[in-house]
2 protein chains.
Amino acid sequence: MFDLIRVLKEKGYKVTPQRIAVYDLLKGTKEHPSADMLYNKLQPLYPTMSLATVYKSLEVFKELGLVQELNVGEDKFRYDANARQHPHITCSCCGKVEDVDDEMFFDLLEQVSQKTGYELVNQKLYFFGYCPQCQKNKVSGVS
Amino acid sequence: MFDLIRVLKEKGYKVTPQRIAVYDLLKGTKEHPSADMLYNKLQPLYPTMSLATVYKSLEVFKELGLVQELNVGEDKFRYDANARQHPHITCSCCGKVEDVDDEMFFDLLEQVSQKTGYELVNQKLYFFGYCPQCQKNKVSGVS
DNA sequence: TTTGCTATTGATAATAGTTATCTTCACAAT
DNA sequence: ATTGTGAAGATAACTATTATCAATAGCAAA
């Protein structure tokens with residue numbers, strides 16, 4: 001199991017309640033929240049926490065390779081406590097962001113590398129469409 | 001052949017020298033420029049053109065489906081006069097943005113759609129790595 | 001446990017890309 | 001030619017993010 005506290009200590013970062021709170025919240029959700037979404041959710045429990053602290057915590061986690069930053073075409077970033085690169089899909093109707101199973105992408109990187117001559121180090125794959133839920137609502141909702 | 005002037009007229013937009021200039025510049029380059037890169041390149045020929053006009057022109061082109069907006073993880077957008085969705089690759093060393101041939105992606109969308117249940121309408125695929133040029137420089141440059 | 005060093009927090013100012021506002025201008029239709 | 005309207009240019013406003021800085025708190029050493 002992954003232990004934030006150990007990693008922070010190992011790398012010479014201090015263990016603070018704020019960092020633990022931000023990380024735990026991100027770790028425990030699948031909704032790929034943005035910084036201000038995290039901030040708002042933390043407000044009730046940590047009413048003194050600053051938005052800047054949320055940003056700075058995320059910055060540290062990025063450096064440590066504990067989270068990844070997503071850009072799904074909004075004017076802000078979203079964050080994922082699963083730092084392993086994997087594709088995401090966004091519902092153009094409700095704005096939800098979900099993970100996509102990435103088994104099917106294994107060959108892809110090799111192919112891209114061969115075609116382009118690049119030495120690949122990373123990729124960001126975003127898909128957009130209408131989620132099953134919104135497809136239903138669309139059919140039943142509008143006559 | 002594609003005719004900007006006709007499309008603008010058809011959709012009720014005015015044909016202006018500024019719009020033509022922005023579009024022609026974007027159409028004629030492969031470097032996927034940002035708004036300010038376009039602005040700077042236009043300065044010598046159109047010294048009175050405003051940055052706001054560049055943005056507004058791009059906005060119109062997006063609406064008309066003539067260009068697409070890219071986000072390769074910078075704090076600004078880049079633009080591509082090829083509005084057909086296709087993957088891009090960015091060199092993490094020199095910052096260059098290039099097109100990737102998308103033949104290999106045809107099955108992918110079907111697979112993603114099946115796995116997720118989404119009705120897909122779009123996708124943004126970004127790859128990151130070191131371009132052939134920077135790989136060479138790296139080897140020969142640093143001893 | 002106490003002390004002292006220093007990273008971190010919280011509050012807020014600054015930054016930068018983009019968008020909105022508003023006045024003036026250009027062009028098309030009458 | 002005149003008039004109406006969309007567009008341009010200049011600049012203010014907006015917003016997510018980053019930088020600044022004094023006060024605080026984690027942590028190592030005594």
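Keep in mind that the numbers below use all heavy atoms, side chains included, and drop hydrogens, waters and symmetry copies. By convention in this document, chain letters (A, B, ...) are assigned in the order of the sequence lines, proteins followed by strands, and residues within each chain are numbered from 1.
Between A:Lys62 and A:Glu69 there is a salt bridge, since a side-chain N of the basic residue sits under 4.0 Å from a carboxylate O of the acidic one.
Under 3.5 Å, the side chains of B:Asp80 and B:His32 contain a donor-acceptor pair of N or O atoms. Side-chain atoms of B:Asp99 and B:His86 include a donor-acceptor pair closer than 3.5 Å.
One atom, CD of A:Glu69, and another, C1' of D:dA16, lie 11 Å apart when rounded to the nearest Å. As rounded to whole Å, 8 Å separates atom P of D:dT17 from atom CG of A:Asp36. Following rounding to the nearest Å, A:Glu59 (CD) and C:dT9 (P) show an atom-to-atom distance of 13 Å. Rounded to an integer number of Å, the gap from CG of A:Leu8 to P of C:dT9 is 10 Å. The interatomic distance linking A:Tyr39 (OH) with D:dA16 (P) rounds to 13 Å, in whole Å. Counting to the nearest Å, the C1' atom of C:dA16 and the CD atom of B:Glu74 are 14 Å from each other. For the pair B:Ile5 CD1 and C:dA28 P, the interatomic distance rounds to 12 Å; values are reported in whole Å. The CG-C1' distance, from B:Asn71 to D:dA16, rounds to 13 Å in whole Å.
Screening residues 40-56 of chain A for salt bridge (charged side-chain N to carboxylate O under 4.0 Å, His left out) gives A:Glu31-A:Lys41 as the qualifying pairs, with residues at least two apart or on separate chains.
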inquiry  = Set out, in order, the CA-CA distance, both residues' side-chain angles and the distance that settles side chain to side chain donor-acceptor pair (under 3.5 Å) for A:Gln133 and A:Lys96, then state yes or no.
reply    = CA-CA 11 Å; A:Gln133 242 172 310; A:Lys96 173 169 61 185; 3.3 Å; yes

query = Checking side chain to side chain contact (heavy atoms under 4.5 Å, CB included) for the pair A:Thr53/A:Tyr39: CA distance, chi angles, key distance, verdict?
reply = CA-CA 9 Å; A:Thr53 299; A:Tyr39 174 70; over 6 Å; no

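Remark: A:Arg19 is in phosphate contact with C:dT9, judged by side-chain N or O atoms under 4.0 Å from OP1 or OP2. Taking only side-chain nitrogens and oxygens, A:Thr16 comes nearer than 4.0 Å to OP1 or OP2 of C:dT9. Checking the phosphate oxygens (OP1, OP2) of D:dA25, no side-chain nitrogen or oxygen of A:Gln18 falls inside 4.0 Å. Proximity of A:Tyr55 to the phosphate of D:dT17: a side-chain N or O atom is located under 4.0 Å from OP1 or OP2. OP1 or OP2 of C:dG10 has at least one side-chain nitrogen or oxygen of A:Thr53 nearer than 4.0 Å.
Residue contacts for B:Lys14: at a heavy-atom cut-off of 4.0 Å it reaches a base atom on one of the strands shown.
A:Val72 and B:Phe77 are not part of a single hydrophobic cluster, where members link through side-chain heavy atoms under 4.5 Å apart.
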Protein-nucleic acid N or O pairs under 3.5 Å, nucleotides 10-15 of chain D:
none

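Each of B:Ser34 and B:Pro17 was assigned the nucleotide of DNA chain C with the nearest heavy atom; the assignment lying further toward the 5' end belongs to B:Ser34.
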